[in-house]
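Sequential numbering from 1 along the given sequence is applied to the chain's residues. No experiment lies behind these values; they were computed from the predicted model shown.
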Amino acid sequence: MHRMDPEAAHGLSIRALRTGLAPLPGPVSTARLRTRLAGLDLPNPVGLAAGFDKNATAVAALMRAGFGFIEVGAATPRPQPGNPKPRLFRLTEDRAAINRFGFNNEGVDPIAARLAQRPTGIPVGLNLGANKDSADRAADFARVLAVAGPHVDFATVNVSSPNTEKLRDLQGKDALAALLRGVIDTRAGLARPIPVFLKIAPDLSPAELEDLAEVALTSGIDAVIATNTTLSRDGLHSPHRDQAGGLSGAPLFEKSTRILAQLSRLTAGRIPLIGVGGVSSPEQAYEKIRAGASAVQFYTAMVYHGLSLAADIPRGLDALLARDGFDTVAAAVGTGRDAWL
């Protein structure tokens with residue numbers, strides 16, 4: 001797979017999942033791993049981050065891969081081709097990736113139709129996006145939720161992708177509050193209201209993070225995902241290090257975990273946090289939890305370690321919790337936060 005173009009290899013991995021070529025152990029769970037997150041019952045707190053299955057074409061297989069929950073998308077109201085290729089780059093020396101996809105997807109209608117046909121099992125969420133050429137990007141998030149909301153267990157507002165011009169401007173305090181009001185109002189109109197999460201960038205200043213924490217606590221959202229990809233290129237060695245786009249993978253771990261810990265301090269347990277960025281081992285998942293996360297997600301690590309991580313990480317996490325005398329994931333949340341502040 002690593003001899004192939006990265007985007008072609010990604011597509012092949014999705015097709016392999018759909019055709020049943022990968023071993024799928026089913027969700028990993030123990031009494032210690034079972035987690036309650038924003039009203040959702042998770043067999044374990046280790047999830048798949050958005051971006052791997054953009055069009056929800058391999059949901060059934062991913063639900064059996066070992067994850068405790070999965071997130072698909074991002075979906076936009078209308079189909080969108082994304083940015084010109086090449087737009088995905090492996091940074092093998094850094095165990096990282098840079099992407100500038102630009103919310104390429106088939107649009108919410110076919111994605112929602114597939115989600116309506118998914119099997120029951122672990123919670124499945126959808127990452128909400130906006131069309132690049134939309135006259136009202138803030139309204140796009142509510143439009144996607146209105147169409148797909150009846151067919152998912154949670155939805156994530158993604159204003160933190162660096163690959164759609166000026167999208168991150170929506171993270172400003174007033175703009176974000178207005179955008180979330182529209183999403184929350186739309187959620188209230190669903191026959192089955194679902195939790196709404198907010199995904200933030202790792203490149204926020206302390207003042208911006210304080211503003212964001214205030215909005216998160218007053219807007220009616222149910223959790224914050226910290227964080228999306230970064231624009232930083234500090235310490236990279238790969239020939240592709242200067243490519244434009246968002247950086248994910250191992251180099252993001254410390255930066256994203258520090259933002260997570262700071263957000264945990266600012267919110268003081270009043271809203272659950274989901275830690276994302278650079279997780280590739282049980283130990284790193286445990287670090288995110290001890291920094292303040294109630295659950296974690298990963299994606300880029302599968303490029304270098306394979307889909308087996310979906311089962312290996314929760315199994316290893318269970319052993320670490322047992323080693324340190326924690327009977328539940330919740331008991332470990334935030335116990336190591338001060339080390340990151």
Side-chain angles (χ1 to χ4, degrees), residues 49-51 71 74 83 87-89 91 94-103 127-130 132 137-138 141 156-177 179-180 197-216 221 223-238 240-267 271 273-279 284 287-288 291-293 296-301 337 340-341:
E71 185 176 341
N83 294 320
R87 55 195 180 180
L88 177 62
F89 304 88
L91 282 69
D94 303 298
R95 288 294 187 263
I98 291 174
N99 90 81
R100 51 173 181 264
F101 280 120
F103 282 168
N127 194 276
L128 313 178
K132 182 178 181 179
R137 287 184 182 170
F141 296 91
T156 298
V157 175
N158 183 1
V159 292
S160 52
S161 169
N163 299 319
T164 297
E165 186 179 0
K166 296 185 178 179
L167 182 72
R168 286 191 173 187
D169 291 351
L170 294 174
Q171 290 182 121
K173 185 176 181 180
D174 293 339
L176 182 59
L179 183 158
L180 291 175
F197 302 163
L198 172 67
K199 191 167 188 175
I200 68 170
D203 304 318
L204 299 166
S205 69
E208 289 170 332
L209 192 62
E210 284 189 26
D211 284 346
L212 192 143
E214 182 181 334
V215 172
I221 65 166
V224 179
I225 301 178
T227 65
N228 211 319
T229 58
T230 181
L231 293 172
S232 171
R233 298 294 186 266
D234 293 345
L236 299 181
H237 304 286
S238 168
H240 292 304
R241 62 185 178 271
D242 294 324
Q243 289 289 341
L247 173 72
S248 60
L252 184 56
F253 180 78
E254 288 195 14
K255 184 170 193 170
S256 63
T257 307
R258 193 164 289 111
I259 288 287
L260 168 69
Q262 291 167 357
L263 188 61
S264 174
R265 176 181 57 81
L266 289 167
T267 56
I271 190 169
L273 308 178
I274 300 168
V276 195
V279 171
Q284 288 176 314
E287 275 290 293
K288 295 277 191 191
V296 302
Q297 292 176 310
F298 70 92
Y299 165 12
T300 301
R337 183 180 70 195
W340 291 94
L341 299 175

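With values rounded to the nearest 0.5 angstrom, Thr230 atom OG1 is found 9.5 Å from Ile259 atom CD1. Taken to the nearest 0.5 Å, the OG atom of Ser205 stands 8.0 Å off from the CG atom of Asp211. With values rounded to the nearest 0.5 angstrom, Ile98 atom CD1 is found 6.5 Å from Leu236 atom CG.
Of the residues listed (Ile274, Leu273, Val276, Val296), the one engaging Leu260 in a side-chain contact (heavy atoms from CB on, under 4.5 Å) is Leu273, and it is the only one.
Using bins of under 30°, 30° to 60° and over 60° for the plane-to-plane angle, the ring pair His240/Phe89 lands in the tilted bin.
Between Ala291 and Thr257, the shortest heavy-atom contact is CB-CG2, 3.7 Å. Closest non-hydrogen pair, Tyr299 versus Ala49, comes out as CB-CB, 4.0 Å. Annotation for Pro251 and Ala96: closest pair CD-CB, 3.5 Å, computed over non-hydrogen atoms. Of all heavy-atom pairs between Gly292 and Ser264, the closest is CA-OG, 3.8 Å. Considering every non-hydrogen atom in both Val157 and Phe141, the closest pair reads CG1-CD2, 4.0 Å. When all heavy atoms are compared, the tightest approach of Ala130 to Phe103 is O-CD1, 3.4 Å.
For the pair Arg265/Arg337, a side-chain contact is recorded, criterion being any heavy-atom separation below 4.5 Å from C-beta on. Counting heavy atoms from C-beta outward, Trp340 and Gln262 have side chains that stay 4.5 Å or more apart. Proximity of Ile200 to Leu209: side-chain heavy atoms (C-beta onward) are separated by under 4.5 Å at one or more points. The closest side-chain heavy-atom distance from Arg87 to Asn99 is not below 4.5 Å. Between Gln284 and Phe298 there is no side-chain heavy-atom pair separated by less than 4.5 Å. Looking at heavy atoms from C-beta onward, Leu198 lies in side-chain contact with Leu212 at the 4.5 angstrom threshold.
A donor-acceptor pair is defined here as one N or O able to donate and one able to accept, closer than 3.5 Å; such a pair exists between the side chain of Asp94 and the backbone of Ser238. Panel note: side chain Asn158, backbone Ala74; no donor-acceptor pair is recorded below 3.5 Å. Of the possible polar contacts, none joining the Arg95 side chain to the Ala301 backbone as a donor-acceptor pair under 3.5 Å is found.
For Lys255 and Thr227, the side-chain atoms include no donor-acceptor pair closer than 3.5 Å. For Glu71 and Thr156, the side-chain atoms include at least one donor-acceptor pair closer than 3.5 Å.
Every residue meeting the salt bridge (charged side-chain N to carboxylate O under 4.0 Å, His left out) condition with Glu214, not counting sequence neighbours, appears here in chain and number order: Lys173.
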Give every donor-acceptor pair under 3.5 Å between a side-chain atom in residues 242-250 and any protein atom, sequence neighbours left out.
from   : atom 1 : to     : atom 2 : distance (Å)
Gln243 : OE1    : Arg100 : NH1    : 2.9
Gln243 : OE1    : Arg100 : NH2    : 3.2
Ser248 : OG     : Thr300 : OG1    : 2.6

